[in-house]
Amino acid sequence: MFSYYFKLGVKSLRRNPALTALMVLTLAVGVAASISTLTILHVMSGNPIPHKSDRLLVPIVDNGPLEGYTPSDRPDDMQLSYKDATNFLASGQGERRTAVYGISAAVEPERKDIGAFNATGLAPTSHFFPMFETPFRYGQPWGEAEDKAGADVVVLSRELSERLFGDANPVGKQVRMMGFSFQVVGVVDHWKPLPRYYKIIGGPGAFGAEDEFYIPFATAIRHETSHNGSMSCNSEREPGWQGLLNSECTWFQFWFETASASDRDELKAWLDNYAAEQRKLGRLMRNAPNHLFDVMEWLEEMKVVGNDAKLSAWLAFGFLLLCLVNTMGLLLAKFSVRAAEVGIRRSLGASQRDIFTQFLVESGVIGLAGGILGLLLAFGSLALIGMQSKGMANVAQMDFVMLAFTFVLAVAAALLAGLLPTWRACQVTPAVQLKSQ
């Protein structure tokens with residue numbers, strides 16, 4: 001019986017095509033807005049590196065001033081001082097470890113058709129690349145020898161490589177930045193899970209542009225490369241670069257990678273012992289708890305999916321509700337003109353339940369059509385967002401769950417909108433309709 005009503009529903013789409021098109025379009029726009037927003041939130045809040053996210057850990061020690069501190073206070077800054085970053089690097093803890101901070105540099109191309117320009121990048125250690133599984137198009141990352149020597153080597157992004165050298169492999173060539181010549185050792189390919197990584201590794205933002213280059217942490221320090229980001233200084237410091245390094249200013253992020261998730265407790269114990277030793281040396285004056293965040297905890301702590309993003313999801317559903325109200329009105333208009341048809345069917349023996357089922361299935365068919373169109377609109381809007389922001393290129397890759405949810409949402413919305421019009425259609429009195437005909 002359902003298949004019979006479904007065929008009737010498909011045929012009813014051709015009745016009053018203008019009204020049907022309005023209903024389908026109204027549902028499609030509401031569904032597309034909701035699904036697009038949910039997909040972006042899904043990408044932003046998903047686990048970017050699920051097979052090792054519980055082994056990548058961020059240590060935080062509170063080196064804020066003692067004045068005005070209460071034990072319940074959170075750390076003033078979620079970054080580390082140079083002293084703590086270098087101590088952690090030398091600790092030998094974990095399988096891998098990296099300090100990292102954002103930098104910018106003036107690039108002086110050899111090509112005469114390109115003028116000097118500014119580029120933004122990161123200054124990590126060589127462990128950074130295997131820790132975050134960075135894909136390479138050409139070459140490879142520098143090694144620990146370059147870290148120790150503070151060598152003038154650079155890894156370029158694919159975009160910067162193509163801008164400077166075209167499609168040629170630039171490994172081994174020289175790039176002049178910050179007034180120094182750097183040897184290119186590798187080119188990073190497009191980073192597919194990029195949107196979720198940025199807040200993790202201290203990049204320009206959860207959906208910002210890609211970092212354009214990477215140089216060794218020690219090299220950036222040797223060249224006195226200033227921090228391209230926020231910095232917190234809790235006390236007076238000596239002037240100059242060395243004064244900054246000797247200060248308690250926090251401007252570095254740090255990551256440990258452990259062999260297994262079970263090693264977290266051991267690393268936390270080491271971190272607590274380290275903080276206790278530093279207090280004996282007159283540092284870390286606050287007797288505050290130390291923190292160790294894994295990837296998902298860090299994303300939550302850094303508010304990658306902020307309240308504004310969550311509010312936008314509610315607004316999208318509010319827009320869908322508005323579309324439902326409009327669809328309900330259009331269905332009332334569509335079903336009201338079929339009162340004579342209902343009266344004839346009732347007089348021939350059709351029950352109210354039969355009429356209710358028929359019209360509700362027709363509403364579902366409209367929802368299905370709206371879901372197909374809404375899915376196309378959602379794909380189009382996500383693809384447009386991906387083209388406008390390379391860092392969000394992968395948001396258009398809707399998974400099966402979101403795909404199925406699109407159709408469920410569209411059909412459910414249509415059925416919900418069709419409840420009142422369908423109930424009204426069932427209330428038609430056969431005798432009145434027959435008499436009027």
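The model shown is predicted, which means the values in this text are computed figures rather than measured ones.
- Looking at every heavy atom in both residues, T98 comes nearest to P124 through OG1-CB, 3.7 Å.
- Taking the six-membered ring where the residue is Trp, the centroids of Y214 and F129 are separated by under 6.0 Å.
- Rounding to the nearest 0.5 angstrom, the gap separating the CE atom in M328 from the OG atom in S363 is 10.0 Å.
- Using a 4.5 Å cut-off on side-chain heavy atoms (C-beta onward), L375 and L373 make no contact.
- With contacts defined as side-chain heavy-atom distances shorter than 4.5 Å, the pair T250/N63 qualifies.
- Between the S81 side chain and the E248 main chain, no donor and acceptor come within less than 3.5 Å of each other.
- In this structure, R264 fails the cation-pi test against F256, since its NZ or CZ atom is not both closer than 6.0 Å to the six-membered ring centre and inside 45 degrees of the ring normal.
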Item to complete: Please lay out, stage by stage, how V29 and V31 fare under the test side-chain contact (heavy atoms from CB on, under 4.5 Å).
Response: CA-CA 6 Å; V29 171; V31 168; over 6 Å; no
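- Side-chain contact check for E159 versus E212: every heavy-atom pair is 4.5 Å or farther apart.
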- Task: Given side-chain hydrogen bond (donor to acceptor under 3.5 Å, both in side chains), test D147 with T125 step by step and report yes or no.
- Result: CA-CA 6 Å; D147 277 330; T125 68; 4.6 Å; no
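- A distance of 6.5 Å separates CD1 of I114 from CZ of R163, quoted to the nearest 0.5 Å.
- Between R97 and E257, no side-chain nitrogen of the basic residue sits less than 4.0 Å from a carboxylate oxygen of the acidic one, so the salt-bridge criterion is not met.
- The two residues L164 and R111 come nearest to each other via the heavy atoms O-CD, 3.2 Å.
- Residues W241 and Y82 keep their aromatic ring centres 6.0 Å or farther apart.
- Taking a cutoff of 4.0 Å between a charged side-chain nitrogen and a carboxylate oxygen, D294 and R55 do not qualify as a salt bridge.
- From L245, atom CG reaches atom CD1 of I221 across 5.5 Å, with rounding to the nearest 0.5 Å.
- Other residues, nucleotides and ligands contribute more than 12 heavy atoms inside 6.0 Å of the CD atom of E95.
- By the 4.5 Å heavy-atom criterion applied to side chains, E133 and H51 are counted as neighbours.
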Walk me through whether W255 and F132 qualify under ring pair (Phe, Tyr, Trp, His ring centres under 6.0 Å). CA-CA 10 Å; W255 284 87; F132 292 99; 5.5 Å; yes
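- In this structure, the side-chain contact (heavy atoms from CB on, under 4.5 Å) partners of N287, at least two apart in sequence or on a different chain, are R279.
- When side chains are defined from C-beta on, V188 counts as touching F136, because their heavy atoms get closer than 4.5 Å.
- Counting heavy atoms from C-beta outward, F182 and R176 have side chains that stay 4.5 Å or more apart.
- Side-chain contact check for I215 versus I103: some heavy-atom pair is nearer than 4.5 Å.
- Checking side-chain atoms of R222 against main-chain N and O of G150 turns up a donor-acceptor pair under 3.5 Å.
- The closest donor-acceptor contact from the side chain of T26 to the backbone of L22 lies under 3.5 Å.
- Using modelled atom types, one finds a donor on one side chain and an acceptor on the other under 3.5 Å when comparing Y274 with D84.
- Between A99 and A85, the closest heavy-atom pair is CB-CB, 4.2 Å.
- The two residues L57 and D54 make their nearest non-hydrogen contact at CD2-O, 4.0 Å.
- Under the side-chain contact (heavy atoms from CB on, under 4.5 Å) criterion, L415 pairs with L360, V411, not counting sequence neighbours.
- Closest heavy-atom contact between A220 and A123: CB-CB, 3.6 Å.
- The OG1 atom of T258 sits 10.5 Å away from atom CG of D265, with the distance rounded to the nearest 0.5 Å.
- A salt bridge links R137 with E162; the closest basic N to acidic carboxylate O contact falls under 4.0 Å.
- Smallest separation of non-hydrogen atoms from P109 and A116: CD-CA, 4.0 Å.
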Inset, instruction - Test T225 against M178 for side-chain contact (heavy atoms from CB on, under 4.5 Å), laying out the working first. - result: CA-CA 8 Å; T225 310; M178 304 181 292; 3.5 Å; yes
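- Taking the centre of each ring, H291 and F293 come in below the 6.0 Å mark.
- A distance-only check finds no donor-acceptor pair linking the side chain of D272 to the backbone of A269 [under 3.5 Å].
- When atom types are taken as modelled, the side chain of K83 and the backbone of N246 share a donor-acceptor pair closer than 3.5 angstrom.
- Between the CD atom of E297 and the CG atom of L56 there is a distance of 12.0 Å, given to the nearest 0.5 Å.
- Residues V107 and N118 have side chains not in contact (no heavy-atom distance under 4.5 Å, counting atoms from C-beta outward).
- Ring geometry for F252 versus F217: interplanar angle over 60°, hence perpendicular rather than tilted (30 to 60°).
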Let me see the working for F88 and L271 under side-chain contact (heavy atoms from CB on, under 4.5 Å), right down to the final yes or no. CA-CA 9 Å; F88 288 178; L271 185 63; 3.6 Å; yes
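- The OG atom of S260 sits 13.0 Å away from atom NZ of K52, with the distance rounded to the nearest 0.5 Å.
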**Criterion side-chain contact (heavy atoms from CB on, under 4.5 Å) on V61 and L80, from CA distance to verdict** = CA-CA 7 Å; V61 292; L80 298 178; 3.9 Å; yes
